[in-house]
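The structure appears right after this line, and notes come after that.
Reminder, nothing fancy here: chain letters follow the sequence lines and each chain counts from 1.
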Amino acid sequence: MPELPEVEVTRQGLAPHLSGRRISEVVARTTALRYPLCEDLGAKLVGHTLAHISRRGKYLLFQFDSGHLLIHLGMSGSLRLASSKEAAGKHDHLDISFGEEVLRLHDPRRFGAVLWIAGDPEQHPLLAHLGVEPLSREFTAARLAACLAGKRTAIKPAIMDASIVVGIGNIYASESLHRAGIDPRSLAGRVSAARLGELVPAIKTTLRAAIRSGGSTLRDYYGCDGAAGDFQFQHRVYGRAGQLCRTCGSPIRMLRQANRATYYCPRCQR
DNA sequence: ATGTGACCCTGGATGC
DNA sequence: TGCATCCAGGGTCACA
């Protein structure tokens, strides 16, 4: 579910409510997430003040004086702010209370992760080998070209590879390639510098537009206020197989790459 | 060394 | 209505 835009919308929504607030209670209802939830999370968090919330790729990092809480939303996770009076529902696995306000993790498929990091988060195995942030100045066509040189995989799975560039999942990979006019089956190492020069700004534009629209809500994703995103209504190709390309009128096609659905316009993307 | 597929899990949609 | 099958925003692992 959540790709970079949804995670960033969540971060932006939570930060003003929770930054500088002190944790009063932690309730874990399951430990069976992607990684077993650490047992003494309450002892680590209660009484500590949240300094701020940052994001690295699709990971959220909650910074405390004593360490960092790392949260990944997996395929179906969402974080919302609830009142302490609201009863937890099915799949509400974790509550972190800041007085009356409760940060509640909901994740039906439990592919998400909650980890405590005592040391430097950048050195953590899950974060240490991540690629460049796509919305940073460091994400340039030259840098992408260097990463893709010699790669014999297709361009679409290549830009979803978090060791190259983070945050681009299945929706925004298809969307960005359509915006750039690149066939998703093109060999990554063979895409010309000129085309990468189109692709990099296409990725940035796509992600920024999605963030502005509150992300894409297909099924499970909701922002921290419970509101759905709007970007799914602006999808150019994702989920639109058989419908007409908004640019040229050709029917959108679907194919499978690395076991994931890819959507593209055969006329606009060559 | 790379790249692809199975798998983790639940639930919604679809088809018989 | 019920059951079986397939599919889904991610990431890791075992294999070719």
Side-chain angles (χ1 to χ4, degrees), chain A residues 1-11 29-37 55-60 70-79 89-93 105-115 124-131 134 147-177 184-190 203 206-207 210-211 213-223 228-242 254-263:
Chain A
M1 60 106 0
E3 303 185 32
L4 186 150
E6 291 76 28
V7 176
E8 179 61 19
V9 167
T10 298
R11 189 195 69 77
R29 298 184 189 82
T30 181
T31 57
L33 296 174
R34 163 171 278 282
Y35 309 105
L37 195 63
R55 179 188 57 73
R56 179 76 175 96
K58 298 171 191 166
Y59 292 93
L60 286 168
L70 176 105
I71 298 186
H72 193 289
L73 298 175
M75 283 279 256
S76 58
S78 60
L79 283 170
K90 198 175 182 187
H91 306 308
D92 286 340
H93 305 306
L105 173 69
H106 177 84
D107 184 6
R109 291 173 75 180
R110 289 189 273 120
F111 287 176
V114 177
L115 291 173
H124 191 277
L126 290 175
L127 304 180
H129 304 106
L130 291 179
C147 291
L148 298 183
K151 269 204 162 288
R152 304 192 53 78
T153 187
I155 186 69
K156 193 253 191 175
I159 60 173
M160 291 174 67
D161 180 344
S163 68
I164 296 174
V165 53
V166 295
I168 304 168
N170 208 35
I171 295 178
Y172 299 108
S174 284
E175 292 297 302
S176 299
L177 287 166
R185 296 165 294 187
S186 310
L187 256 41
R190 294 271 180 82
I203 289 169
T206 301
L207 295 177
I211 292 169
S213 298
S216 300
T217 296
L218 300 186
R219 172 172 298 142
D220 296 310
Y221 173 74
Y222 291 91
D230 281 337
F231 195 70
Q232 64 278 13
F233 302 118
Q234 295 174 54
H235 288 175
R236 296 162 162 242
V237 290
Y238 187 86
R240 299 190 64 238
M254 196 264 270
L255 56 83
R256 268 191 179 267
Q257 292 180 293
N259 242 356
R260 314 293 298 274
T262 298
Y263 298 87

(message) Can you see if the side chain of A:Arg260 gets near the phosphate of C:dG10 - specifically, an N or O under 4.0 Å from OP1 or OP2?
(response) yes
(message) Distance check needed: B:dG3 C1' versus A:Ile164 CD1, whole Å only.
(response) 12 Å
(request) State which of C:dA8, C:dG10, B:dT4 makes the closest approach to the side chain of A:Met160. (result) C:dG10
(request) Return the 5'-most residue of the pair A:Leu126, A:Arg109 with respect to DNA chain C, ranking by each residue's nearest nucleotide. (result) A:Arg109
(message) Side chain of A:Glu3 only, heavy atoms from C-beta on: which candidate in B:dG3, C:dG10, C:dT12 is closest?
(response) C:dG10
(request) Indicate whether A:Phe111 forms a stack on B:dC9; treat it as stacked only if centroid distance is below 5.5 angstrom and interplanar angle below 30 degrees. (result) no
(request) Tell me which of A:His91 and A:Arg34 sits closer to the 5' end of DNA chain B, going by the nucleotide each one is nearest to. (result) A:Arg34
(request) Check whether the side chains of A:Gln232 and A:Thr217 place a donor and an acceptor atom closer than 3.5 Å, and report yes or no. (result) no
(request) Please work out if A:Ala32 contacts a base, only the sugar-phosphate, or nothing of the nucleic acid, heavy-atom cut-off 4.0 Å. (result) nothing
(message) Under a 3.5 Å cutoff, is there a donor and acceptor pairing between the side chains of A:Ser216 and A:Tyr172?
(response) yes
(request) Considering just the side-chain nitrogens and oxygens of A:Lys151, establish if one lies under 4.0 Å of OP1 or OP2 belonging to B:dT2. (result) no
(message) In this structure, how many angstroms lie between the P atom of B:dG3 and the CZ atom of A:Arg152, rounded?
(response) 9 Å
(request) Any chance you could encode DNA chain B as dot-bracket? Rule is Watson-Crick or G-U wobble with both distances under 3.5 Å; [ ] for pairs crossing earlier ones, | for another strand. (result) .|||||||.|||||||
(message) Applying a 4.0 Å non-hydrogen cut-off, can you work out what A:Phe231 is touching in the nucleic acid: base, sugar-phosphate, or nothing?
(response) nothing
(message) I want to verify a distance call: between B:dG3, C:dC7, C:dG10, whose nearest atom is closest to the A:Met75 side chain?
(response) C:dG10
(message) From C-beta outward on A:Asn259, which listed nucleotide comes closest to its side chain: B:dT10, B:dA6, C:dG11?
(response) B:dA6
(request) Would you indicate, yes or no, if B:dC8 has its OP1 or OP2 atom less than 4.0 angstrom from a side-chain nitrogen or oxygen of A:Arg110? (result) no
(message) Measuring from the side chain of A:Lys58 (C-beta onward, heavy atoms only), which nucleotide among B:dT4, C:dT12, C:dG10 has the closest atom?
(response) C:dG10
(message) Counting only side-chain heavy atoms from C-beta out, which of C:dG10, B:dT4, B:dT10 sits nearest to A:Asn170?
(response) C:dG10
(request) Have a look at A:Tyr172 and say if it touches a base, only the backbone sugar-phosphate, or nothing, with a 4.0 Å heavy-atom cut-off. (result) nothing
